Protein chains: 2
Amino acid sequence: MANVFKGKLPCGYPASVSSKTPISSSNEGEAAHSLRHVAQLAGVSVATASRVMSGSSHPVSTKTRERVLSAADRLSFEPNRLARALVTAKSQTVGVIVHDISDPYFGEIVKGLEDGLHSEDYRLFVASSDRDPVKELDYVRAFHAHQVDAIVFAASSLTDPSYAEALETLSARFRVRGGVIVVLSDHLLEGPRVRFDNRRAVADMVGYLVGRGHRRVGYISGPPELLVSGVRLAGFTTAVAEFGLATGPEYIANGGFTVTGGGAAMGQLLEDVDVTAVVAASDLMAIGAMRQLLASGVSVPEEISVAGLDDIPIAEYGPVPLTTMRVPTYEIGRHGASILLEALAGETPDDVVLSSQIIERESVATVETPG
Amino acid sequence: MANVFKGKLPCGYPASVSSKTPISSSNEGEAAHSLRHVAQLAGVSVATASRVMSGSSHPVSTKTRERVLSAADRLSFEPNRLARALVTAKSQTVGVIVHDISDPYFGEIVKGLEDGLHSEDYRLFVASSDRDPVKELDYVRAFHAHQVDAIVFAASSLTDPSYAEALETLSARFRVRGGVIVVLSDHLLEGPRVRFDNRRAVADMVGYLVGRGHRRVGYISGPPELLVSGVRLAGFTTAVAEFGLATGPEYIANGGFTVTGGGAAMGQLLEDVDVTAVVAASDLMAIGAMRQLLASGVSVPEEISVAGLDDIPIAEYGPVPLTTMRVPTYEIGRHGASILLEALAGETPDDVVLSSQIIERESVATVETPG
DNA sequence: AATGGAGTGGCAAACGTTTTCAAGGGCAAG
DNA sequence: CTTGCCCTTGAAAACGTTTGCCACTCCATT
């Protein structure tokens with residue numbers, strides 16, 4: 001460790017004293033090894049060793065290549081990615097920000113991302129923001145400091161404009177540094193994007209119900225401060241208009257994306273309107289609605305049909321197996337990884353749009369149309 | 001970017017030509033800034049700038065400190081953690097390896113970890129191994145290359161001894177480099193550890209059933225190649241012996257930790273033995289068992305009680321609200337972060353052991369003891 | 001008036017890579 | 001025998017930090 005030469009000299013250039021500590025010859029397989037160790041063992045320069053280890057296009061004779069490789073192997077050398085990143089300005093890391101990593105919805109997305117990224121030798125930092133804008137901003141800053149090559153926003157963002165502004169300035173800084181920003185689904189930020197058409201998904205679900213004879217359908221909405229809530233709600237209202245269904249504000253209740261909230265919203269709907277079906281903006285709320293219905297002595301789906309959105313694992317095993325719309329979360333993550341890699345390669349990827357698919361289970365019944 | 005001085009000179013030491021490119025004076029708020037920019041703007045040396053930005057103990061006068069701080073602020077300077085890591089040999093990152101990040105069980109753990117780590121300025125890499133030993137090994141290597149300060153194994157490991165050996169040698173290499181390895185719950189690897197007593201948890205559950213009058217209870221086990229399956233099974237068998245319950249291999253069926261597996265195991269149990277209660281080694285299997293029971297016309301809990309283990313979110317919303325044992329996954333992660341930080345601080349943390357808690361819902365009934 | 005700290009600040013080396021540039025060797029063509 | 005080119009290699013600068021060591025300025029002490 002200690003430098004051999006201690007005196008002061010402008011260039012550290014005494015005749016024949018190497019400023020690098022010579023390496024003791026008998027430490028194979030121990031401690032941390034650097035390129036210098038490999039080079040020394042192979043009897044080549046650090047530059048040459050680097051060239052073979054990094055797969056440089058600069059030619060190296062097969063003989064020396066093998067010497068280096070075997071030396072690296074004997075020392076079980078692993079290149080220091082931090083040092084490499086410092087000179088190449090590519091860290092081979094990306095950060096993802098989600099609302100809640102323990103929510104399987106985001107878990108699937110992260111899994112898709114990670115799968116797509118790992119095979120291309122990228123590591124994934126994860127951040128769980130709890131929907132806290134301050135935290136999200138802090139994560140952007142932190143990722144930035146760690147020189148990530150890209151940041152993925154899987155968190156569906158808030159509608160609050162001041163939040164949007166703060167996020168935008170911070171992200172701009174990151175972009176200037178050369179970072180790419182990828183957005184999964186609905187978000188205020190610009191960037192290559194994988195779109196899942198939430199609007200269309202609930203519209204299609206309404207269409208499905210209409211096909212089953214329903215004309216009076218209620219809607220349980222998500223919390224208004226989330227962008228996605230508005231998008232899904234828009235899908236509902238346009239479909240209602242398009243199909244000419246019974247309409248009015250009393251057909252819509254806010255469930256806050258939770259089971260209990262869904263139950264409460266259902267209770268309100270029961271009081272206010274006479275519907276034959278309800279679509280909830282999330283499966284969790286749909287389950288809450290079903291529980292409320294059952295508790296009130298209303299049978300599902302015989303008296304009232306319930307449809308969800310997301311197709312979370314619970315959906316299949318709830319009080320009544322839930323008919324819902326599958327949101328392809330894993331694929332969202334996976335495609336996110338793809339366009340991310342393209343953007344990182346300097347290309348300008350097209351947005352990819354993913355479609356949803358209805359999962360028919362047992363919570364929706366056909367209503368007998370009289371005449 | 002371009003170096004001003006191109007000619008060859010041993011020390012790069014021409015009289016008055018700085019080898020560093022002078023910085024154009026009008027680029028505040030743009031591009032990537034380094035300490036050098038900050039120092040220049042503040043009119044101090046890089047060393048001084050470093051000292052104030054990194055909170056060094058080396059004293060700096062308040063006047064210059066303020067100058068540096070304001071310069072950093074004007075440039076919105078963010079220190080490059082990679083460069084810092086290179087010299088301090090501390091990257092402020094840790095990697096976690098889990099079986100499946102989309103499983104809320106692991107999601108909660110990761111969330112706990114991340115919460116505990118972020119506040120101490122550590123970033124978290126995440127890896128989802130799909131229970132593939134080869135992948136796990138590869139992740140250890142990759143994390144190693146990225147100079148993580150610690151690796152957390154949240155994946156409950158395989159019993160396969162060759163896997164254990166490979167993992168051990170790779171981990172040893174990592175430890176030698178100064179990395180700390182933390183293990184959450186049951187694993188073959190050594191290291192500071194947060195223990196959740198799986199054995200005790202199922203034993204306690206059996207005790208609970210015994211308290212409810214059950215004397216003939218069946219067990220649905222996890223896949224034998226997972227360490228945790230063996231541990232939980234051991235809890236069952238010792239409890240059975242301790243309480244003197246009906247015993248024999250026919251009381252135990254393998255459910256593979258899945259819903260369908262749990263259903264099949266339940267079917268087998270129904271054929272082989274006459275039980276009043278069943279405990280499943282996971283909630284998923286318990287739900288499968290309930291569905292199988294219901295489908296066979298057996299009422300839950302009136303005819304057969306079902307108990308689970310884990311307390312996953314689904315548990316509450318299944319066909320019958322499930323009585324189960326809460327595994328404190330978030331706390332496991334959180335405590336993992338704590339002992340990790342202690343270990344990183346050079347202390348030798350004690351293992352922490354977490355206890356479980358029974359969650360009484362509606363899937364267990366008291367059996368009337370005749371006499 | 002000389003001595004000596006304490007308080008600040010700068011120089012330059014170091015971390016482990018990649019990459020530019022130049023140099024050496026070999027060999028074919030003139 | 002020279003010339004020139006290609007192939008291979010090495011020296012050293014660079015990336016953006018931290019830090020050991022030294023130097024300088026002030027003041028208070030002898």
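Computed from a predicted structure; not experimentally measured.
A/H33 and A/H37 have perpendicular rings, their planes meeting at more than 60° on a 0 to 90° scale where under 30° would count as parallel. Using a 30° and 60° split on the angle between ring planes, B/F153 and B/H187 fall in the tilted class, from 30° to 60°.
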Taking it one step at a time, do B/V94 and B/V96 satisfy side-chain contact (heavy atoms from CB on, under 4.5 Å)?
CA-CA 7 Å; B/V94 347; B/V96 60; 5.6 Å; no

Any protein N or O atoms within reach of nucleotides 6-9 of chain C? Criterion: under 3.5 Å, listing atom names and distances.
residue: C/dG9; atom: OP1; partner: B/S61; partner atom: OG; Å: 3.1
residue: C/dG9; atom: OP1; partner: B/T64; partner atom: OG1; Å: 3.4
residue: C/dG9; atom: OP2; partner: B/S61; partner atom: N; Å: 3.0
residue: C/dG9; atom: OP2; partner: B/S61; partner atom: OG; Å: 3.4
residue: C/dG9; atom: OP2; partner: B/T64; partner atom: OG1; Å: 2.8
residue: C/dG9; atom: N7; partner: B/H58; partner atom: NE2; Å: 2.9
residue: C/dG9; atom: O6; partner: B/H58; partner atom: NE2; Å: 3.3

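Atom NE2 in B/H33 sits about 12 Å away from atom P in D/dG16, given to the nearest Å. Rounded to a whole Å, the CD atom of A/Q40 is 15 Å from the C1' atom of C/dG16. When rounded to the nearest whole Å, the span between CZ of A/R36 and P of D/dA11 equals 14 Å. Counting to the nearest Å, the C1' atom of D/dT17 and the CZ atom of A/R84 are 20 Å from each other. Protein atom CZ of B/R81 is 17 Å distant from nucleotide atom C1' of D/dC15, rounded to whole Å. Look at CG on B/L35: it is 14 Å from C1' on C/dG10, rounded to the nearest Å. Look at CG on B/L82: it is 15 Å from C1' on C/dT18, rounded to the nearest Å. Nucleotide D/dT8 holds its P atom 12 Å from the NZ atom of A/K63, rounded to whole Å.
Taking A/D351 as the reference, A/R195 meet the salt bridge (charged side-chain N to carboxylate O under 4.0 Å, His left out) condition, with sequence neighbours excluded.
Heavy atoms of A/T88 sit under 4.0 angstrom from primed sugar atoms or phosphate atoms, though from no base atom.
The nearest heavy atom of DNA chain D to A/G43 and to B/V87 marks one nucleotide each, and the one closer to the 5' end goes with A/G43.
Of all heavy-atom pairs between B/D149 and B/L344, the closest is O-CD1, 3.7 Å.
A salt bridge links B/D138 with B/R141: at least one charged nitrogen is closer than 4.0 Å to a carboxylate oxygen.
The environment of B/E165 atom CD is sparse: at most 12 non-hydrogen atoms of other residues, nucleotides or ligands sit within 6.0 angstrom.
Of the listed nucleotides (C/dT17, D/dT18, D/dG16), D/dG16 has the atom at the smallest distance from the side chain of B/L86.
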